[in-house]
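Please read the structure below before turning to the comments.
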Protein chains: 2
Amino acid sequence: MANIRDLAKEAGVSVATVSRVLNGYPYVSEEKRRAVWEAVEKLHYTKNIQAVHLAKGRTTIVGVMLPYIHHPYFSAVIEGISKEALRYGYQLLLFQTNYDVERELEALERLRMKQMDGLIVCSHEAGSEVLAAYQEEGPIVLCEQAEEYDFFTVYIDHYRAFAKALRYLVHKGHRRIGYCIGRMTGPNSQARAAAYQDVLRDIGVVPRRHWVFDGCLFLEDGKRVMRQWVAMGERPSALLVTSDQVAAGIVLEAHRIGVHIPEELSVIGFDNDPLAEMLGITTVALPHFSLGEKAFRLLHHWLETGHVPRKQEELPTRLIVRTTG
Amino acid sequence: MANIRDLAKEAGVSVATVSRVLNGYPYVSEEKRRAVWEAVEKLHYTKNIQAVHLAKGRTTIVGVMLPYIHHPYFSAVIEGISKEALRYGYQLLLFQTNYDVERELEALERLRMKQMDGLIVCSHEAGSEVLAAYQEEGPIVLCEQAEEYDFFTVYIDHYRAFAKALRYLVHKGHRRIGYCIGRMTGPNSQARAAAYQDVLRDIGVVPRRHWVFDGCLFLEDGKRVMRQWVAMGERPSALLVTSDQVAAGIVLEAHRIGVHIPEELSVIGFDNDPLAEMLGITTVALPHFSLGEKAFRLLHHWLETGHVPRKQEELPTRLIVRTTG
DNA sequence: TTGTATGCGTTATCAG
DNA sequence: CTGATAACGCATACAA
């Protein structure tokens, strides 16, 4: 492949002039400018972007760390990130972790290696002290609440959102309230667990261990939950479900096996997935797409200006009452 | 940041030796080896990956070009690609195009610029002659059928799959058959249109323009289709729907407004989405995940060995008869 | 307006 | 086993 030196020789100018022309700098005579572009044509030249990155010390690449891609939540977040990245001419490097700490560390190491200008962490398993340790290696923006280490973060207050939905159920007369969650660890899950404990304590109900369903991520998990539910002794009368996909699974399976919703079981989902609307599922709308957008914008602003209006930004949630609870 | 020269000075060896140690080459005395690693610790050194890329002329990065991410089809494909990439130590650079040809060109240019070792094209809008022109700039693997330009491709024979489903409907006695599709252009859509024309011609039915519903990608689009359907004069008695999400939207909306499926309208989806199983939707199972996997493997094999067992690989489909058609 | 020289941080070749 | 030194391809400070 031709390089900048070949161009210089071909055009009869210096490499500096070639570089100036290629990057659109002023103060180059029209004549030489044309000569360079002609050489570009003739030699079928393209910049080697890696050399550019090395020379400039920047990449206009941002990393995105997330556990899964094929999941409505995360694919919406990426879509938001991606849209903004496109807008500002950045590229996205994907780090799928499956919540494996080793892989999370791999992504963080890549930040140290200057492979990208910054990293957006959508969700993580490693302790936040680990992330904190990498803060000085490069800009990191979190999509989860994290108070301790003064992270840059765009987040949803899951404690509040969960508590709000719980109180709504309590207000409707429910006392045996359970919930479904993707995993037990992680700040979001912890916040929800805390809200659950607090609200149940307030109404003087002792939470039962089997009212909590773990590993609920996909539609099929809802089906499983419903089956467990019918087989249970002391059934919850209401379920808070941290994903509309799972909520839909519950509702559809209930329908199939003849469990009446909300008479026998109230269901409140999260996300405001189109599926929830379609099925009339009461849900807490979460702004996933704009979460991604804002996370990117925060990072971008930081990268371009070196500072940022505010390090934390909370996004609003909204309870949408439909027919299932 | 410390670089390899600082390390050399600190450890009292040459940069060449440092490089050898860092890359685990043999023929380095144990003593110097230890000295280097100590210097690494002391100076908190990390490789600058951009310099490595430049020096080696490779990146172990592959690009993924696709129109949207937040879509069950594409996010499944990426998931498959990502899983294999992880396995072989490659990273993924995302190029979301929204089917904008400018953006597709941008991705292809990045291949020329050596930003990545190869490119997987999940779907594209630009003419295949454009892609073909970039074949010499770097390895490209397509996830769509493309006979003309001798592409490397892993694909589903959409003509066959579509024809198979159509004949099944014909066999069940249908003659007024319509279909829903994501977009009208692109090889997959053209193949389906061809199959549609051919099968209807075989049974002597003249296809009606309004039996074809364009722009069907998401659940909501199914709802829209169902509403159009009820308002139509000469309604199709069966619909082939190229996405289970859309098929689900149709089925759910039909249920809501009291249209009986399959008595009044048969519906056959594509994908074998969990939602289709849940709703009992007859569907053609498409191996999206393994499409991604195999696309990556093909590319990887090519990158590592410089050749490939076979350039084209077709993936099987399977009609799963449930209750909607 | 243009050119020279140097830096970016590695890898790889070739003597020794 | 080890070290100089030349790539890799581009950007840029400095001089002219």
Side-chain angles (χ1 to χ4, degrees), chain A residues 1-40 43-61 109-117 137-138, chain B residues 1-40 43-61 109-117 137-138:
Chain A
M1 278 299 291
N3 61 28
I4 204 175
R5 253 181 304 274
D6 300 327
L7 282 186
K9 199 178 300 170
E10 176 69 31
V13 300
S14 71
V15 292
T17 297
V18 171
S19 181
R20 289 187 191 102
V21 172
L22 257 31
N23 295 296
Y25 290 150
Y27 309 131
V28 177
S29 74
E30 202 45 52
E31 180 189 19
K32 305 211 167 186
R33 197 178 289 281
R34 212 184 39 248
V36 169
W37 284 122
E38 274 168 14
V40 166
L43 301 184
H44 195 61
Y45 167 84
T46 318
K47 251 185 223 200
N48 180 315
I49 202 79
Q50 306 174 46
V52 176
H53 289 168
L54 180 59
K56 304 188 84 147
R58 301 185 46 199
T59 60
T60 56
I61 293 177
E109 278 300 320
R110 291 289 171 157
L111 184 63
R112 268 188 84 193
M113 296 181 195
K114 309 285 176 207
Q115 183 164 21
M116 50 229 188
D117 296 341
E137 310 293 348
Chain B
M1 278 299 293
N3 63 26
I4 205 174
R5 250 182 304 277
D6 300 328
L7 281 186
K9 200 177 298 168
E10 176 69 30
V13 300
S14 71
V15 292
T17 297
V18 171
S19 182
R20 290 192 189 99
V21 173
L22 258 30
N23 295 295
Y25 289 150
Y27 310 131
V28 178
S29 73
E30 202 45 55
E31 181 189 18
K32 303 209 168 184
R33 197 177 287 281
R34 213 183 38 248
V36 169
W37 283 121
E38 274 168 14
V40 166
L43 301 183
H44 195 61
Y45 168 83
T46 316
K47 245 183 223 196
N48 180 314
I49 202 78
Q50 305 173 46
V52 175
H53 289 169
L54 178 59
K56 303 188 86 144
R58 302 185 45 199
T59 60
T60 55
I61 293 175
E109 277 300 320
R110 292 288 170 158
L111 183 63
R112 271 188 83 192
M113 294 183 196
K114 308 288 176 206
Q115 184 164 21
M116 52 231 187
D117 295 342
E137 310 294 348

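Values reported hereafter were calculated over all heavy atoms of this structure, with side chains retained and with hydrogens, waters and symmetry mates removed. In what follows, chains are A, B, ... by sequence order, proteins preceding strands, each numbered from 1.
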Salt bridge (charged side-chain N to carboxylate O under 4.0 Å, His left out) pairs, two or more places apart, involving residues 10-22 of chain A: A:E10-A:K42

Partner residues of B:L111 under the side chain to side chain contact (heavy atoms under 4.5 Å, CB included) criterion, sequence neighbours left out: B:M116, B:L119, B:I140

Side-chain heavy-atom pair B:E137, A:T46 within 4.5 angstrom cut-off: no

Within-4.5 Å side-chain heavy-atom neighbours: B:V21 and B:V13: no

Contact boundaries on DNA chain D for chain B, cut-off under 4.0 Å to non-hydrogen atoms: D:dC1 to D:dG9

Under 3.5 Å, which donor-acceptor pairs do the side chains of residues 24-38 of chain B form with other protein atoms, sequence neighbours left out?
unit_1: B:S29; atom_1: OG; unit_2: B:K32; atom_2: N; d: 3.2
unit_1: B:R33; atom_1: NH2; unit_2: B:Y25; atom_2: O; d: 3.0

For A:T60, all residues meeting side chain to side chain donor-acceptor pair (under 3.5 Å), sequence neighbours excluded: none

Short side-chain N/O contact from A:S29 to OP1 or OP2 of C:dT1, under 4.0 Å: no

Between CG on residue A:L7 and NZ on residue A:K9, distance to nearest 0.5 Å: 11.0 Å

Under 4.0 Å protein heavy-atom contact, by nucleotide of nucleotides 9-16 of chain C - B base, S sugar-phosphate only: BBBB----

With A:R5 via side chain to side chain donor-acceptor pair (under 3.5 Å) - residues at least two apart: none

Bend angle of the helix from C:dT1-D:dA16 to C:dG16-D:dC1, end axes from five pairs each (to 10°): 40°

Counting only pairs under 3.5 Å, give me each side-chain donor-acceptor contact of residues 47-57 of chain B, with atom names and distances, residues two or more places apart or in other chains.
unit_1: B:K47; atom_1: NZ; unit_2: B:N23; atom_2: OD1; d: 2.8
unit_1: B:N48; atom_1: OD1; unit_2: B:Q50; atom_2: N; d: 2.8
unit_1: B:N48; atom_1: OD1; unit_2: B:A51; atom_2: N; d: 3.2
unit_1: B:Q50; atom_1: OE1; unit_2: A:L54; atom_2: N; d: 3.3
unit_1: B:Q50; atom_1: NE2; unit_2: A:K114; atom_2: O; d: 2.6
unit_1: B:H53; atom_1: NE2; unit_2: B:T59; atom_2: O; d: 3.3

Nearest atoms (heavy-atom pairs only) where B:Y45 meets B:I4: CE1-N, 3.9 Å

